[in-house]
K.L.:
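I have a structure I would like to understand better, so I am pasting it below and will then ask my questions one at a time.
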Amino acid sequence: MPVSCLEILSGMDGDSRKTPIDLRTCGDPKRKPKAQADGSIGYEIPEGGYFYYAYVGKVGGTDILSLRSSGGGSGHFTALVGVRQDGRLLRWVRDYAGGDRCNGGISNESVSNGKLTFDQAITPYDLVDLAQLKTKLAAYKDLEASAASCIGVVHLNGDTAHWTGVTLTEKDWSDQKGWTDNYRYQACFNQLYRQTVATGHAELDRRGVAAFGAAFARRCLAAR
């Protein structure tokens with residue numbers, strides 16, 4: 001099928017997902033795909049963006065595709081999409097996950113023995129949110145939550161409702177003058193984060209995430 005037909009999947013939403021893609025008429029034949037070193041296939045868009053896809057595997061009769069795209073702006077989007085092909089029709093089945101860089105960006109996706117696993121980027125707000133504290137915090141106000149605030153990845157089985165742990169990836173995470181102090185609890189979070197990584201606890205299972213959240217609540221929330 002033309003690779004440009006799959007580009008449609010990265011922009012579909014709402015009712016458009018209910019309409020199958022006709023492989024006889026979709027896409028732009030002028031866009032010539034090229035294989036990349038990582039195995040993905042796609043092309044650069046003259047307007048400054050790009051689209052690439054890779055086949056991940058099959059889960060329960062659904063083909064999983066990994067999509068990477070950009071419209072030429074600051075966003076760099078990744079997504080895992082499930083599809084089924086019925087003759088000349090490509091049908092969307094479901095979205096597994098997706099996001100823009102630190103806001104849910106996808107990596108390390110794979111299918112083994114019929115099971116999908118992948119990592120999803122998280123921000124400081126996401127990490128604390130995973131700990132399910134009783135105190136509800138506000139993204140972009142209490143803690144950093146932007147697409148440029150990656151502090152780790154959460155490991156997922158199948159979809160975003162089933163996670164097994166977190167890897168803290170930023171060994172040199174530090175305060176930024178004129179930025180960190182824009183968020184109520186960010187400086188305190190940063191100190192706890194650095195101590196956690198420095199003591200060799202960059203790999204957190206679900207209990208470890210809960211313990212990080214509890215320490216954050218005692219040290220940061222109770223102090224305000």
K.L.:
Is the Tyr125-Phe189 ring centre distance short of 6.0 angstrom?
P.N.:
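Tyr125 vs Phe189: aromatic centres not under 6.0 Å.
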
K.L.:
Salt bridge check: are Asp22 and Arg24 linked by an N-O gap of less than 4.0 Å?
P.N.:
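Judged by the 4.0 Å cut-off on N to carboxylate O distance, Asp22 and Arg24 do form a salt bridge.
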
K.L.:
Okay, side chain of Glu144, backbone of Ser146: is any donor-acceptor separation there less than 3.5 Å?
P.N.:
no

K.L.:
Closer than 3.5 angstrom, by distance alone: can the side chain of Asp159 be matched with the main-chain N or O of Ala161 as a donor-acceptor pair?
P.N.:
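Yes, because the side chain of Asp159 sits within donor-acceptor range (under 3.5 Å) of the backbone of Ala161.
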
K.L.:
Mind checking what makes side-chain contact (heavy atoms from CB on, under 4.5 Å) contact with Arg68, not counting sequence neighbours?
P.N.:
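Counting only residues at least two positions away or on another chain, Arg68 forms a side-chain contact (heavy atoms from CB on, under 4.5 Å) with Asp38, Ser40, Tyr50, Tyr52, Thr78.
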
K.L.:
Table please: side-chain donor-acceptor pairs of residues 197-206 below 3.5 Å, with sequence neighbours left out.
P.N.:
residue, atom, partner, partner atom, Å
Thr199, OG1, Gln195, O, 2.9
Thr199, OG1, Thr196, O, 3.1
Thr199, OG1, His201, ND1, 3.0
His201, ND1, Thr199, O, 3.1
Glu203, OE1, Thr167, OG1, 2.7
Glu203, OE2, Thr167, OG1, 3.2
Asp205, OD1, Arg207, N, 3.1
Asp205, OD1, Gly208, N, 2.7
Arg206, NH1, Trp163, O, 2.7

K.L.:
Under a 4.0 Å N-O cut-off, is there an ion pair linking Asp172 with Arg194?
P.N.:
no

K.L.:
Can we say Asp86 and Arg91 salt-bridge, meaning some charged N sits less than 4.0 Å from an Asp/Glu carboxylate O?
P.N.:
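Yes, this pair counts.
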
K.L.:
With the side chain counted from C-beta on, respond yes when Asn108 and Phe118 share a heavy-atom pair under 4.5 Å apart, and no when they do not.
P.N.:
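Asn108 vs Phe118: side chains apart.
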
K.L.:
With Asn190, which residues qualify under side-chain hydrogen bond (donor to acceptor under 3.5 Å, both in side chains), at least two apart?
P.N.:
Trp173, Asp175, Gln186

K.L.:
Tell me, do Leu9 and Leu67 make a side-chain contact under 4.5 Å, heavy atoms counted?
P.N.:
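In short, these two side chains touch, coming nearer than 4.5 Å.
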
K.L.:
Could you tell me whether Glu44 and Lys34 have a side-chain N and a carboxylate O separated by less than 4.0 Å?
P.N.:
no

